[in-house]
Structure formats: C-alpha cells, structure tokens
Amino acid sequence: MSDVFEKVMDLAKRRGFIWPTSECYGAVAGFIDYGPLGAMMKRRVENIWRDFYVIQEGCYEIECPTIAQEAVFIASGHVKGFSDKMCQCPHCKEFLRADHVAEAGGIKNPSTMKNEELAAAIASCTCAACEEVLGTVEVFNFNLMFQTTIGPGSQRVGYLRPETAQGMFVDFSRLLRFYRDKLPFGAVQIGKAYRNEISPRQGMIRLREFTQAEAEIFVHPDEKNHHPSFKRYADYTMPLLTYVQQEKCEEAVPMSMQEAVDKGVIANEYLAYYVALTHHLLVTIGIKPGRLRFRQHLPDERAHYATDCWDAEIRSERFGWVETVGLADRTDYDLKAHAQQSGTPMTVFIQYDEPKKVARRRIIPNMSVLGKQYRNKAKAIFEALANATPTAEGADVEADGEKIHIPADLFEVRDEIVDIRGEDIVPHVIEPSYGIDRMCYAVLEQSYDEDTADGEARTVMRFPPNVAPIQVAVFPLMTRDELDTIAHEIARSLHKAGILAEYDDSGAIGRRYRRQDEIGTPFAITVDYDTKDDQTVTIRDRDSMKQVRIAIDKLPSTVCALLDGSLKFTSLES
RNA sequence: GCAUCGAUGGUCUAGUGGUAUGACUUAGGCCUUCCAAGCCUAUAGCCCGGGUUCAAUUCCCGGUCGAUGCACCA
C-alpha cells in the first residue's frame, strides 16, 4: 500500500466501484466491470456530459451499433492505418514491430513495403531484445480492431468499432436532413469502443473495451473562426502548452481563448470554444484545475486525419499526465472518405445571399443524327462534346481513344447566362472525444483523501455532490422509539423527489457516518429524539463533518439544492 | 509478448508436505441519546490446471491475474 492508485483501487474494489471482470473464471486484462457504485457514478459523469453537449449545446445524441461492416473502416482508414506490421523473433519469441526493426537496420521506407518484401529485408537485421540476427521471419499485420464475421457461415467481415465517431459520419446525410440542411450542427454519441491493445496496463487507464463520449461538430470551413457563442468562453483562461513550448521544454502559459485564437495558438474559434468547454466540464465533475492542462499535439504526433489537435491531460499521482480528452480539427477527411467509399455525396448546399450570374456555354448535340451515324460511339462522343471547344467548322473530340471530327451542323452552341444559387461544400468537423473511464478514474483518484477525525484516521471520497453515487444517507440514531420509522419515511420522501437516499440503521452512528464517508456520500441525515418534539433532523456535511438542524418538510428541496450546487452547506450553518 | 517478483475469508495477515492463525469488515442479538466503543454468536479463505507424493495451500511445471522493467500505445 504505497500510493494513491493502490489505495483508491483497493477501495474501489472493496466498496463496489470497479471489479476485475468475470473474476470467478479469472479476470481478463484490459476489461473491467463497474460495480453498483461505479456504474452509478459513471452514469452521473455521462449525464453531466449530456447536460453540457446535448442540453446546453443542442447536439443531439445518436446510438449506433458497436459492430460495423468492413467498408466503414476501410473508408475511415482504420483497416489500413490502425494495424502494425509485426514479426516474431525466432530466437527469443519476442514480438517486434517489423518496421521499427527495419528502420534500426537502416532500411528506407519500410512502411511502403509489402509484408513479404519487408520480411526479406529484415532477415539480416538483429532482434532488439536478444540481439540475434533474425533470419527467416514472417511479417504479419496486427490490427488493433477486433474482427468478427456477420451472419452464420458468412464471409462478411465486421469490426468492433475502435471509436464511436464513425457512426456520426456514416449517418451524415440523415443528420443533415434532421437539422434541416443547415450548418453548423453537432451530433454526439456515448458508447463502447474496442481496441485490442497489445499490452493493456495501468488499471482502468488503458482498456480493450472502453466508453467514449464523442461530439462531431459539422461546420462550414470558412466559418471556423465564427462560433456563434464564442463570447461565452472568450475570456475563459487556462494554461496552454503549445507544441512550440514543448519543443523548447517551456512551461504552459495561461491564456484566454480570445488571445489564443488571435495569436494563432489554437487554430480557430470552434476548437478554442470546445477546449474551454472541456475545461469547464472537467472542473464540474471534480477535476482540480491545478491538475489539468491542455497540450497541443506535436506535428508528427497527430492522427492521420487531424490538423490541429489538443489533448486535455489530467495529472495522476501514479501515471503522470494522462490524455483524457482529445480535441481535433478533423477537417473534411472523414466525410470525403465516406463519400468516396460509399458513393453517397456528403455535402451541404450553401445558398448564396444573391444568386451569381454566370456565363455558360452549352453544347447541345443533335443525338437523333449522331446516334444513327456513330452508333456505339455516340455516348462517348456525347460526353466528349460537353467539354469540347468547337469552331465554325465543327469540333474535334476524342472518343474511345479515337479522334473524331464532328461537323458543326450536328450540334448547337448555346451561350447563356444562368443563376448559380449556391454551392455544395464538404463541412469540416471539430471533434471533442472524451474517455469516460479515464475521467472516472481521475475523479476517483482526486477524490480520495485521508484525514483525522477525533484522533482516528478517516478515509473519505470527496466527490462533488453531482457525481457521488449515493446522494444522501438517512439514519435513525436508535432503532427504537419510532426513530427508525421516521427515518424510513424521510428516505421515502427523498426517493419520491428523485434523490438516491440510502437508509442504514446498522451499528453505531459513527460507524455509519464513516461507511458513507468512504463511498463519498456528501450528506447524512440523522433522526434523533429532538425530531419527535420539533420535526427537525440533523444534516451532516461529509467534508466538514458539521451538522445543522433542518425541518423535515424542507428536506427534499434543501437536499436537491445542495446536490445541484445552488446551495452551499456553509450557508445553512448561519 | 518477453523478463523479474507476487497471489491465504470481503480486507490485511500468521503458518504449514497431514485443510489453516489473528485482526478488521459483514450479518444476527445485547447494550448504546451523534462520529469506526463494548459483549455474545454466526458467515466466509489457501488463484487455476497438471506433475511428484500415501497425502500438495505448501515442492516442481504450465497458465491466469497484478506490480515493475523492456517492447507497444492508431
């Protein structure tokens, strides 16, 4: 029992937050179960996220399957780009990245080679682990996506999604119609994603199955510097660690979002807006600002699709700075890729304020003559004529590799002025992508505290009230003289107000307080003998352990206000 | 995946080639008028598979999980 990680994970296991999965058969690395309190807490974190993105931002949530057909991930680049070329050293059985072996052996451009070529090229290289010459090895692709087949005996390949984002991209046309063909709009998804990590470690930091909350904000590429609500966060200030500062090993500099955009530190207003919103959200779930920073990706660190990219990183006592949220400008990469792969246009028609008058020359072939004359070449000629530059004698076109002269009487040239009412554009995508499990871990780690109460050590999870799994505990001081009946009635009235209240009459009162402290229940209500006289109870604050008396009939509204933060416990004390 | 170390009730732990110690927790009871008090009782354990042995929780081999280092982390 040395550091907070071990202590908090021990508590999490003991008290029903996080369990190793399928423990009776032996756990599996990279998978976890959320126990009753963990699942409740995670749901609260997700619902705070929903409050920010769905309610405040108006980005509606969709829910797509966790398995998708191969074409989706061919388009997204994951089939190709998400796999590593690997080989196994025949001497020490170590698995090695084949391209890394090749680079270490001075072989140029290993990533462009086919597997067989690469295998032949690295035969003379040495193994990084045992330093033997490899000799004959097989190079194979290790894809981080879990593969499966769809249907019985089917050859149809499917993959478990490695991110939730693709769902919003493949549904783009439907979403666009839903939002009545106007930019900007956003869609979000909270759900499971899967990556077959080679070596998951670090508890719930690197999982093979994890929960992502992703927002895809679709915006006109020319409007990225005009976020309609930017002023809301323009003065929001936080330390930013740019890639330039990282290369110079400098510290992060506090900066407002307005300043960051003006100085070009953050690429555009949209990205800056969501950087600030992310900071706001993380602080809301209980991340201490001093343990939160925003770091810009180094140019060679960015994913294949992104231009500018910022990570929200949370400092963990055990793991250092942990990437918890990624904020990327994915440009039009995904929509273009899916449009090409699927053949479905993924564009938005943007109307001009004023229609543009454009001079256009149309060449209208006389197909009744052309068709008879050129028969099976007629179609190619028709298409070629559209781009031809005819003279008074006629037009020279190339059809099926053959040069053909079309006399001028076989087509009509019509010059006209037409109205262009708008244009089709491919939106850019701003993507905030949150790792819910990492957020939950951060909340657990940062909430863990030990203090001393009456000379006794006390373990207390200092969750903010809005993420605490149990919201309030209700105790009768004694299990007699109807105190327990009154306490049950109080718990019932709180349940009716939608509050998760836990009744407990087991053991000494002090023990019950400590039990609730350890699972982070922010408030405890105790029914005592005064209650019978004046219809009041005590309400106790977890962090200060102070108590105030309050009338029973005011409990539901007071507890609600304490939980949503609109009322502070200290203001009850006066 | 490789290497090293580890694994005993829910938790922490003692110990052993003959099925296991103590504490805490939990449950029931007594007592108790606000912060892990006391008393009685109860529940519950040797990570999994194979080998050696009359007998394995213990020794050996393999695996799983965890920690650490290496590699990996789109």
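In what follows, chains carry the letters A, B, and so on, assigned in the order in which the sequence lines appear, proteins first and then strands, with residues in each chain numbered from 1.
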Sticking with atom [atom1], work out how far [N] lies from [M], rounded to a whole angstrom.
N     : M     : atom1 : answer
B:U52 : B:U11 : C1'   : 35 Å
B:U57 : B:G45 : P     : 15 Å
B:C70 : B:C60 : P     : 29 Å
B:U68 : B:C61 : P     : 25 Å
B:C30 : B:A14 : C1'   : 32 Å
B:A20 : B:U4  : P     : 35 Å
B:A27 : B:G15 : C1'   : 28 Å
B:U16 : B:C46 : C1'   : 11 Å

Is the base of B:U53 syn or anti, where syn means the angle lies within 90° of 0?
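What B:U53 shows is an anti base, its glycosidic angle lying more than 90° from 0.
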Expressed as a whole number of angstroms, how long is the span from [X]:[atom1] to [N]:[atom2]?
X        : N     : atom1 : atom2 : answer
A:Glu23  : B:C48 : CD    : P     : 13 Å
A:Leu483 : B:U32 : CG    : P     : 14 Å
A:Leu207 : B:C73 : CG    : C1'   : 13 Å
A:Ile519 : B:G10 : CD1   : C1'   : 15 Å
A:Asp10  : B:U25 : CG    : C1'   : 12 Å
A:Asn143 : B:C73 : CG    : C1'   : 14 Å
A:Gln516 : B:U25 : CD    : C1'   : 15 Å
A:Arg206 : B:U68 : CZ    : P     : 13 Å

Would you call the rings of A:Tyr274 and A:Tyr270 parallel, tilted or perpendicular if under 30° counts as parallel and over 60° as perpendicular?
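Aromatic pair A:Tyr274/A:Tyr270 classed tilted.
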Parallel, tilted or perpendicular: which one describes the rings of A:Phe146 and A:Phe31, with boundaries at 30° and 60°?
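Rings of A:Phe146 and A:Phe31: tilted, 30 to 60°.
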Pairing nucleotide - [N], Watson-Crick or G-U, each distance under 3.5 Å:
N     : value
B:C59 : B:G51
B:G38 : B:C30
B:C5  : B:G66
B:U19 : none
B:G45 : none

Scan A:His78, A:Gln189, A:Gln166 and name whichever one has a side chain to side chain donor-acceptor pair (under 3.5 Å) with A:Arg161.
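Testing each of A:His78, A:Gln189, A:Gln166 against A:Arg161, the sole residue satisfying side chain to side chain donor-acceptor pair (under 3.5 Å) is A:Gln189.
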Flag side-chain contact, heavy atom, 4.5 Å: [X] against [Y]:
X        : Y        : result
A:Gln471 : A:Leu494 : no
A:Leu562 : A:Leu572 : yes
A:Ile519 : A:Phe463 : no

Is A:Ser506 near enough to B:A27 that one of its side-chain N or O atoms lies under 4.0 angstrom from OP1 or OP2?
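So the side chain of A:Ser506 is within the cut-off, an N or O lying under 4.0 Å from OP1 or OP2 of B:A27.
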Run the salt-bridge test on A:Arg542 and A:Asp449 with the 4.0 Å N-O cut-off and return the result as yes or no.
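Judged by the 4.0 Å cut-off on N to carboxylate O distance, A:Arg542 and A:Asp449 do not form a salt bridge.
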Can we say A:Arg540 and A:Asp517 salt-bridge, meaning some charged N sits less than 4.0 Å from an Asp/Glu carboxylate O?
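Looking at A:Asp517 together with A:Arg540, the answer is yes, because their closest N to O distance falls below 4.0 Å.
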Please write out each protein N/O paired with an N/O of nucleotides 60-67 of chain B under 3.5 Å, distance rounded to 0.1 Å.
residue : atom : partner  : partner atom : Å
B:C65   : OP1  : A:Ala29  : N            : 3.3
B:A67   : O3'  : A:Arg318 : NH1          : 3.3

Within the 4.0 Å limit for protein heavy atoms, which parts of nucleotides 33-43 of chain B are touched? Write it as a string from 5' to 3', B for base, S for sugar-phosphate only, - for none.
BBBBS------
Give a yes/no verdict on a cation-pi contact between A:Arg295 and A:Trp321, requiring under 6.0 Å between NZ or CZ and the six-membered ring centre and an angle within 45° of the axis.
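No, A:Arg295 and A:Trp321 do not form such a contact.
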Sequence neighbours left out, what passes side chain to side chain contact (heavy atoms under 4.5 Å, CB included) with A:Gln245? Give chain and number order.
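A:Gln245 satisfies side chain to side chain contact (heavy atoms under 4.5 Å, CB included) with A:Leu241, A:Thr242, A:Glu250, A:Val253 once adjacent residues are dropped.
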Mapping A:Arg14 and A:Pro162 onto RNA chain B by nearest heavy atom, which one lands closer to the 5' end?
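In this pair, the answer is A:Arg14.
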Judged by modelled atom types alone, do A:Tyr441 and A:Thr324 share a side-chain donor-acceptor pair under 3.5 Å?
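No.
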